[in-house]
Each structure stands twice: as structure tokens, then as C-alpha cells.
J.: 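One structure coming up, written as C-alpha cells, with questions to follow.
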Amino acid sequence: MSHSQDATPIHPVTPDQVSRIADHGLHSSPTAIDPAAVNIAEALVATLNGTAAGTTLLTPELQQLTEQVRQRATFGFPRITAADGVELSAHTIKLNTSEPRPVVIVPAGWTPFGWILFEYAYLRLALRGYHVLAYTPRGIGLVRPLPGGGHADAPWTSGGTIDVAGPADRTDGSTVIDYAQEHLNPSRIAFLGESYGSGISQLVAAKDPAGRVDAVVALSTWGDLADSLYCNDTRHLKAVQSLIDFTGGPEELKFDAATRKILDDFRHGRNMDGVVAWGKERSPSTYVAETNARGIPTFLSNTWHETLFPANQAIANFGRLTVPKRLNLWIGDHAAPEGAGLTIPFSGPNPPVEEAFAWLDHHVQGADNGVADWPAVSSQIMFTYRTTTDPESGQNAIVEPAVREARPSWTDVTTSTERWYLTATGAGRQDGGLGTAPETGWKLEFTPGELTAATAVDAIITTGQAEWNGTPKQYATDAFDRRHLAVWTSAPLQAARRIRGIPELTLTVRSSGENATLVAYLFDVGPDDTARIITHEPVTLRDLTSTENRVTTWQLQAAGYDLAPDHRLMLVVNGKDQLYSDENAPDSTLTITSTDDSAAHLVLPLG
């Protein structure tokens, strides 16, 4: 078994590889898993299935883990035949007991490496008393071109084409449950998924005809796929293209004609009603009534700066659930909190994964472990890292986890709001200000359509991965090109602001073009004029005229952020971000103004 298209052999796992994943995360780029993580997973599987041929591939800690599980379980690598004949690559860990035990079913995430990537997590679940059945959803997984034509699948690759969590994936999930019942005789059934697998887990739980799913864990998840891809009339182009590039093979091989048509419509902004309907069919929020009726305990996890499945849609879905539920919100971007914890051992606990496992232990095995008393919402607050000094060297800073806050519901996260008005005069240049009193009769103009230094991320996933590891992106605010954006900045704050919840922005906009895309960003600006991003969100306006002042209100993504005294709040609005579609006409002018006392303001949620 190999992990690259060039059949690279499996190498012995080194402590440096484990440390690299622990320190820097699972991804080496937005569309690449760190080869060290894949090598670790393959070394674990090779050791378990006997293909290591007497070679010691694992570190002592991982070797001990495999031996502990081997004493308690047997391993299988079946192909499960779906209802339409497609073969799904799967992996089982069956506990050696005549007593019925629960099974955790794990649909793989959207990566070229399918189920293999989280082998470490499966072994840990087995030690906690679960059978495990992991599988790769149809169409996902690495394919290698063969000399002379054709392709060969990796062992973890499933047949068929990708259904993007559609009806075939839901049916496949029920077929996998059938297989688990026949071969593992489970006492109860849970689904655990990360990313793509998390959405499939929720959908199978809601739609399995026999209602056989007893609990769900959904990490880096979505609630509404349509809103994740297309919100405020703006397409999330970079996220979708990154996913297309990360399936393990060429687009024409991985997707059928109907799905390729949807993807092409999305890329070109055509038939968006059809694209939205396609996304809604693949959204757990569409089936929340079924989930509630079945009473399925549901654990959701997301990140504040999520670029694939932005937080607001996941929060909205969480709010509709009436079942036992938990929402964890973390610093960072997609898969950053839990990815490494599912892949390698840590010197201490990895809360994103440990809490997910504890949820299963309580709701599936009945463990009295405190989960029943957990508040429904837990938010990690940006960027309140604690730093300490290495006691040996006296020099190296050690970054400890950021502060977390618990609340009984999402509505309890925000306890008050504060209104900031956009004004004419700000901190410098031609900038405007943010003040406590409304002001009319001013305007700020800029030419949209150029990328600026005010951007949501440098790169999908990896910018947020660094943020999770304690190094959030720093912005030089004097590099923000005022020709292509507008800036409003407050005076230094006399008191801290505890931003908790979903900010809302109202602007009056006039454009010389028929359509306009605006991207709003909130920044925390320190005394040295460097900034960190709090949140952002785009909006697209259509059918404008050069004489119309269009008042528009939209929500930015949710935030949990502590803004320190002496720092300033900065609002930036530009017309282009690499993440999104851009509907601004070439050489057009955007004018932001305030025509009355309420036409330009920011509502900041506090808690």
C-alpha cells in the first residue's frame, strides 16, 4: 500500500513526523495532506494487516497501541457492495467478545486518502469498547494513471462517482449499517464524521429508513450546504474549487455528468436556483425535523474562521435542533482543531477529539462522565492565548490553549449589543471613523475589483491552521490600499469589548455599475497599527443605478473575540476577495454614504 501516485514506499514513522503534525496540523496546503500524516496512517495499517513484513514501522507509543488493540480485536478490509453495485472500500475493527458492543461508523472525509487517514482514531475507539467500521464514500480516493491509459485505485478508494452527500450517499450509509449489523452484531450504532463525513453522518442519521442511528458526532461540519457555497448572492468560488481539486483524481473521472453540470453552473453563476436546490437536498438542516423526531443526540463542531462551511449556517442548524446537543466553536479554520487529534498521539489531551469521544461514551455506552451536565455551547475565545516560559531554558514561549466559555444556548452567547456609527473623520488619510453618534452627509469612494491586503485569509485551511496553533495572521493596516477599499476606525477603546455573536452591518451603497460585490471585514488594531481579523462576510447587490442609494444590511460571520483596551475597532469594505465571486464592473466606482441617522452603522454583539 502506498500513499502517492508514484507508489512511494511506506517509511518508518519518526518522532519528528509526529511532532510536525502536532505542531503544524494535518494540511501542508489547502489541497494537500502532510505526507507525514499519510505515512503514519499507512504504517499503522501495514502493521495491522501484516504487510509490514516484519519491519518495525511505528514509534514505541504507536506500536504499543496496535498491540493493545490486536489483543482485543480482529481487523478486516472488506469491500461493501452498495445497492447499485458500487463497491465501497471499508475497514473494520471487531472486538473479540460474544457480548454485543456498540459500533462507531466513520464515513471518511473529502480527501484522496479516504478512510485510512484516521486509523489512529479507530484504534483509540476500539480501546474504548467500540467496534469500528470506517468507509470511504463513493467516488472519493486516490486514482493513479496507468501507462498506456486507464487508472488504478488506491486500496482505500471507493468506486463510482462522488454524490456530494446526495441520495446515493444516504443509501450507502444505510447499506453500511446493514453490513455492521450482519458482521459486528452491534448493541447500538453511532456515526462519527469529520468534514465531508460529518455531513454524511447527520444525513444518514436523519434518513436511515429504519432509524438505526443512536448518536452523531459531526466535526468541521455543515448544516446548510447551499448557504456554505452561496450566501448573500455571492459564490464561494475558492472553497468549491479547492474541494474539486482534492478528490484524488480528475474532475471528469470523479463526478458524473449531472454533478459536473451543477459545478459548471456554479462556477459561471448560472442556474443558481438549481444549484441552491441541489445544495439544500444535501443539507442536514433540510431534515432537522426527522433528526428531532428521532431524538438523535448530536455533537457539532466548527471554527470561527471556517472557509469551507462558514460558522453561521452551522450555528443556525444547531439552533433548530431540539435533541440533546452540543456545539463547540474553535479558533482557526476547517479541520484545524481535530485533524491532528484524529491522526496522532498527543502528550496531553486534545479537547476537540476527547470531547467528541466522551459524547459517544455517554450517549452510546451510557457512561456517567459528566456529559449530561455539559452546557450546550462552548466557545473558544480569540485570541486569549496564555503564554508561559519554558522552565528549563527560561526563554521559549509555550502557547497554552485559549480560554473557553460555556453557555446554555446560542442565544445566551450575546447578552447585549452596541451600535457603532460610520462617520466622516477617522484616524488618518481619507479614512472615516466609528463613533457613538450618527452622522449624515459624508461619503467615501473607491474603485473595486482589485485584490487588497485586506483579505480574509492568505490560504484556505492553512492560515487558520496556523491560527489554531497560536500564530494568527498579522495585518499591516498601512498597507491597505485606500484606492480600492474604504476604512472606518474607532478611537482607542477605553474599556475592553467582549464580542460574542453575529455582527450586523448596514450601509448605504451607490455604484456606477449595475451590480456590486462588497466584502466587509472587522479588525482588531493594536497600538502599533498591526491588526488581527475578527470576522468578515461578502454581499452582492444587483440591479443598481448610478443615482440610487441602496441601503443594505447583512450579517457577518459569528465571532467570539476579546478586544483589549487601547486597541481600535476597524471596519474595512472592499470589492474583491480571493475567496468569492466578484460582480463589480471594470473601472466602476463604489460610494458608501449615510443618507439618514440609521443608514450606516455596525451592530456589535457583546457578551
Side-chain angles (χ1 to χ4, degrees), residues 27 29-31 109-110 162 164-165 195-196 198-199 220-247 251 255 259-285 302-317 332-336 448-449 451 454-464 502 515-521 533 535-542 554-559 573-584:
H27 291 83
S29 79
T31 55
W110 186 291
I162 298 171
V164 197
S195 186
Y196 187 45
S198 74
S220 286
T221 196
W222 76 84
D224 190 317
L225 186 61
D227 279 356
S228 297
L229 306 181
Y230 179 64
C231 190
N232 295 326
D233 214 14
T234 308
R235 291 168 288 136
H236 293 201
L237 291 174
K238 192 82 168 185
V240 172
Q241 192 58 50
S242 295
L243 290 169
I244 292 170
D245 294 340
F246 202 39
T247 62
E251 183 175 339
F255 301 98
T259 304
R260 292 200 305 275
K261 175 64 164 56
I262 286 288
L263 295 175
D264 195 55
D265 284 346
F266 174 84
R267 279 187 288 231
H268 291 90
R270 297 188 304 251
N271 182 32
M272 292 309 297
D273 288 345
V275 172
V276 167
W278 177 87
K280 294 292 185 183
E281 185 181 24
R282 290 156 169 80
S283 298
S285 60
N302 200 271
T303 54
W304 298 118
H305 290 161
E306 171 77 34
T307 50
L308 299 186
F309 308 126
N312 285 4
Q313 52 78 35
I315 291 168
N317 183 52
D333 195 357
H334 189 78
L451 292 173
T455 182
V457 294
D458 290 334
I460 283 177
I461 295 179
T462 53
T463 297
I502 298 175
N515 303 318
T517 295
L518 299 89
V519 190
Y521 311 80
I533 192 167
T535 185
H536 84 286
E537 183 69 4
V539 67
T540 296
L541 309 177
R542 299 189 183 278
W554 74 104
Q555 292 183 332
L556 280 60
Q557 290 298 317
V573 176
N574 68 19
K576 190 176 183 67
D577 191 290
Q578 61 165 329
L579 297 182
Y580 306 115
S581 58
D582 170 15
E583 299 296 332
N584 294 295

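Just so it is clear, the values below take in all heavy atoms, side chains as well, and ignore hydrogens, waters and symmetry mates.
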J.: Got a donor-acceptor contact below 3.5 angstrom from the Gln578 side chain to the Val457 backbone?
T.: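 Checking the backbone N and O of Val457 against the side chain of Gln578, a donor-acceptor pair under 3.5 Å is found.
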J.: Could you check whether any side-chain heavy atom of Leu243 comes within less than 4.5 Å of a side-chain heavy atom of Trp110, counting everything from C-beta outward?
T.: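 They are in side-chain contact.
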J.: What closest approach, in Å, do Ile460 and Ser242 show between heavy atoms, and which atom pair accounts for it?
T.: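 Nearest pair, atom of Ile460 first, then Ser242: CD1-OG, 3.8 Å.
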J.: Run the salt bridge (charged side-chain N to carboxylate O under 4.0 Å, His left out) test on Arg542 and Glu583 for me, step by step, so that the C-alpha distance in whole Å, both residues' side-chain angles and the decisive distance to 0.1 Å come before the verdict.
T.: CA-CA 9 Å; Arg542 299 189 183 278; Glu583 299 296 332; 3.8 Å; yes
J.: So Leu229 and Arg282, do their side chains get closer than 4.5 Å, heavy atoms only?
T.: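 Not in contact.
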J.: Just wondering, do Leu518 and Leu541 contact through their side chains at under 4.5 Å, heavy atoms?
T.: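 In short, these two side chains touch, coming nearer than 4.5 Å.
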J.: Would you give the length of the straight line joining atom CZ of Arg260 to atom CD1 of Ile162, rounded to the nearest 0.5 angstrom?
T.: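 Here the rounded value is 11.5 Å.
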J.: Is Gln555 close to Val539 at the side-chain level, that is, under 4.5 Å between some pair of heavy atoms?
T.: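 They are not in side-chain contact.
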J.: Might you point out which heavy atoms bring Gln313 and Ser228 nearest each other, and give the distance in Å?
T.: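 Shortest heavy-atom contact: CD-OG, 3.3 Å.
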J.: Tell me whether Asp577 contacts the main-chain N or O of Ala456 through its side chain, where contact means a donor paired with an acceptor under 3.5 Å.
T.: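 Yes; at least one donor-acceptor contact below 3.5 Å.
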J.: With rounding to the nearest 0.5 angstrom, report the CG to CZ distance, Asp264 to Phe255.
T.: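 The CZ atom of Phe255 is 12.5 Å from CG of Asp264, to the nearest 0.5 Å.
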J.: Please name all residues satisfying side chain to side chain contact (heavy atoms under 4.5 Å, CB included) with Glu281, sequence neighbours left out, ordered by chain then number.
T.: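 With sequence neighbours excluded, Glu281 shows a side chain to side chain contact (heavy atoms under 4.5 Å, CB included) to Pro167, Arg170, Tyr287, given in chain and number order.
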J.: Tell me the closest heavy-atom pair linking Glu537 and Trp554, and the distance in Å.
T.: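 Looking at all heavy atoms of both residues, the closest pair is O-NE1, 3.2 Å.
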J.: Using 0.5 Å steps for rounding, measure from the CD1 atom of Ile461 to the CD atom of Glu306.
T.: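 CD of Glu306 is found 8.0 Å from CD1 of Ile461.
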J.: I'd like to know if the side chain of Asn302 and the backbone of Pro310 have a donor-acceptor N/O pair within less than 3.5 Å.
T.: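 Checked: no pair found.
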J.: Are the side chains of Trp304 and Gln557 in touch, meaning some heavy atoms are under 4.5 Å apart?
T.: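 The answer is no, as the side chains (C-beta and beyond) never meet within the 4.5 Å cut-off.
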J.: After noting the C-alpha distance and the side-chain angles of Asp265 and Lys261, does the key distance pass the salt bridge (charged side-chain N to carboxylate O under 4.0 Å, His left out) rule?
T.: CA-CA 6 Å; Asp265 284 346; Lys261 175 64 164 56; 2.8 Å; yes
J.: Determine whether a donor-acceptor pair (N or O, by modelled atom type, separation under 3.5 Å) exists between the side chain of Arg235 and the backbone of Phe266.
T.: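 Pair found, side chain donor or acceptor close to backbone of Phe266.
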J.: Applying side chain to side chain donor-acceptor pair (under 3.5 Å), can you list everything that pairs with Thr463, at least two apart in sequence or on another chain?
T.: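 Not a single residue meets the side chain to side chain donor-acceptor pair (under 3.5 Å) criterion with Thr463.
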J.: With no hydrogens and no angle check, is any side-chain donor or acceptor of Asp224 less than 3.5 Å from a backbone partner on Ser283?
T.: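 It does not hold such a pair.
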J.: Closest heavy-atom contact between Ala336 and Gly464?
T.: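 Looks like CB-O, 4.2 Å.
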J.: Checking the side chain of Asn584 only, and the main-chain atoms of Pro448 only, is there a donor and an acceptor separated by less than 3.5 Å?
T.: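 The answer is no, because no donor-acceptor pair under 3.5 Å joins these two groups.
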J.: Compute the centroid of each ring, for Tyr580 and then for His236, and state whether the two points are separated by less than 6.0 Å.
T.: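 When the ring centroids of Tyr580 and His236 are compared, they turn out to be within the sub-6.0 Å range.
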J.: Can you find a heavy atom in the side chain of Asn317 that is under 4.5 Å from one in the side chain of Trp222?
T.: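 A side-chain contact under 4.5 Å is absent here.
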J.: Could you state the interatomic distance from CG (Leu308) to OG1 (Thr221), rounded to the nearest 0.5 Å?
T.: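 Nearest 0.5 Å value for the CG-OG1 distance: 11.5 Å.
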J.: Of the non-hydrogen atoms in Ala558 and Ile315, which two are nearest, and what is the gap between them?
T.: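 So the two residues come closest at CB-CD1, 3.6 Å.
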J.: Out of curiosity, Asn515 CG to Asp233 CG, how far, rounded to the nearest 0.5 Å?
T.: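 Reported to 0.5 Å precision, the distance equals 8.5 Å.
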J.: Within this structure, what is the NZ-OG distance for the pair Lys576 and Ser581, rounded to the nearest 0.5 Å?
T.: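 Here the interatomic distance stands at 9.0 Å.
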J.: Are any of the side-chain heavy atoms of Leu225 and Phe309 separated by less than 4.5 Å?
T.: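 Side-chain contact under 4.5 Å: yes.
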J.: If only side-chain N and O atoms count, and only distance matters, is there a donor-acceptor pair under 3.5 Å linking Thr540 with Thr234?
T.: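 Side chains of Thr234 and Thr540: pair found under 3.5 Å.
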J.: In terms of ring plane angle, is the pair Phe246 and His27 parallel, tilted or perpendicular, where the classes change at 30° and 60°?
T.: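 Because their plane-to-plane angle lies in the 30° to 60° range, the rings of Phe246 and His27 count as tilted.
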J.: Return yes if some donor-acceptor pair links the side-chain N/O of Trp278 with the main-chain N/O of Ile262 below 3.5 Å, else return no.
T.: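 Judged by distance alone, no pair lies under 3.5 Å.
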